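Note sheet for the following structure.
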Amino acid sequence: MEMDNFTFGVTMLVAGMGGTLVTLGLLSLMMMALGKLFPYKEEGGKEG
Amino acid sequence: MMEAIIAGLGGLVIGFKMLFVNWQSLIMLGVGGVLLWLGIKKDCEPLLLVPIGFGCILVNIPMSDVMLKDGFIRTIYDAGIDTELFPLLIFIGIGAMTDFGPVLAQPYTFLLGAAGQFGIFLTLMLALFLGFPKLDAVSIGIIGACDGPTAIYVTSKYAPHLLGAVAVAAYSYMSLVPVIQPPIMKALTTEKEKKTVMKFTAKPVSKTTKLLFPLVITIVGGCIAPKGLPLLATIMLGNLMKESGVVARLAGAAENEIANVVTLFLGLCIGATMAGPAFIRAETLIILGLGFLAICLDTVCGVLFGKLLYIITGGKINPLIGSAGISAFPMAARVVAKVGMQYNKKNYLLMHAMGANAGGQIGSVIAAAVMLSVLAGMGVIR
Amino acid sequence: MAIDVIAPMPGTIKEIIVKAGDAVKEDEELVILEAMKMENPIVAPSNGTVKEIKVKEGDKVNTSQVLVVLG
């Protein structure tokens, strides 16, 4: 099924940009959660 | 015997004759020279422009067989660009170089990194409107990711005939970020917004978080957009190696030796796609124009999103940092810090902008990955 | 009235421009703080005299650490 360029473009804008925003939003939430779960504490000079 | 000698000597001048038959090649020899000049004299991405310029010259020498079957650059091209290996190898190095600390310390900056990708999709629409076929339009839009390897990855897979134009546009505009962005940033924000002071209060990020970050991104991002998994995975592998601290040799090799070797090969191959007859077309100019627009639109959308955050937070977030939500790391963040200081010397936006910029780095990869998966979902690509 | 000039971000002291006893104007550069490979001039928040410099070149500083005291 060949879709016309307009449908294609709008789909890409909605699904693509929407998907990008949602994915990054999700990742930012997960990073916030990780930051809360493992808060920074002085790591006594134990560098890598 | 005389005839044979003359015929033999004739073989030596045929190249010069052809030079005037193929006027496009002649022009492209000049273009190659300009690229070299930009790289060497103007210090504009010399690591890329020097091999690109030279590759461009090589392929446009009449009767040159470097890009024909079994030619030396063709062999490299088939091994590294056709297979998409080179951009991925570069990505391991970028991952090993990038400190995602600022974005982890302020996770909301991920969203700014998403807003900076709007240009990709708006440009895609425009390219479709101008009559480019679907996959060509996708590859042109991806210039707006402002990320060379991503653009090369997508283009070499779905529109290899545009590779030269797209790669040159992506890399040259990336180095023009300090010129392109400030006027847009200044035009779109009010005096008061520009002067918004942001204190950097975020706590440092724990090592556990830094180690889990690449894994979470790879797994979650990979599940959402499996088509872009190689892009995500390589950048995150590099970052994991850096943050783990236990494989300093591998991380060092990824960001130095491997990246250097691959950059050389990549540049040569990109240059070699710029053969006169294929490159000198109205299409190329349109692509360069659209690419420029893509990066402007990224900046516009980033700043507008910044303004939205300014309103939502009641004036706590300086909209200028929105323009750093692109992938040109860390250049875009420095531009923000500089512009911010022009308006208020006591305003230090660098760390916030770095967050948005690192977010933009992830954002551009996610955007490309999402785009490919959406395309696959629609059945446009397999 | 003493004013503490603090580091707005973590980084390394690249250069100390003023010395104790100098009179400085608002927005005058006091210290160059290098962070994320960028040099950031740290400026005086108001007019005053440099009372004390709390860091030396090459020091690593954290956010909110006092760099210079203006009197």
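Since this is a predicted model, take the numbers as computed values, not measurements.
Looking at C/P8 and B/K199, their side chains never come closer than 4.5 Å, going by heavy atoms from C-beta outward. Put simply, the side chain of C/P10 reaches to within 4.5 Å of the side chain of B/M351, judged on heavy atoms.
Proximity to chain C among residues 101-109 of chain B is limited to B/P102, judged by heavy-atom separations below 4.5 angstrom. Heavy-atom proximity under 4.5 angstrom to chain B picks out C/E26, C/D27, C/E29 from residues 16-34 of chain C. By a heavy-atom distance cut of under 4.5 Å, C/T63 are the residues of residues 56-71 of chain C near chain B, going up by number. At a heavy-atom cut-off of under 4.5 Å, chain C is reached by B/R334, B/A337, B/K338, B/M341 from residues 319-341 of chain B, listed in order of number.
Environment of NZ in B/K346: crowded, with over 12 heavy atoms of neighbouring residues, nucleotides or ligands closer than 6.0 Å.
Rounding to the nearest 0.5 Å places CG of B/N357 at 9.0 Å from CE of C/M36.
Nearest heavy-atom pair across C/M9 and B/Y348 is CE-CB, 3.7 Å.
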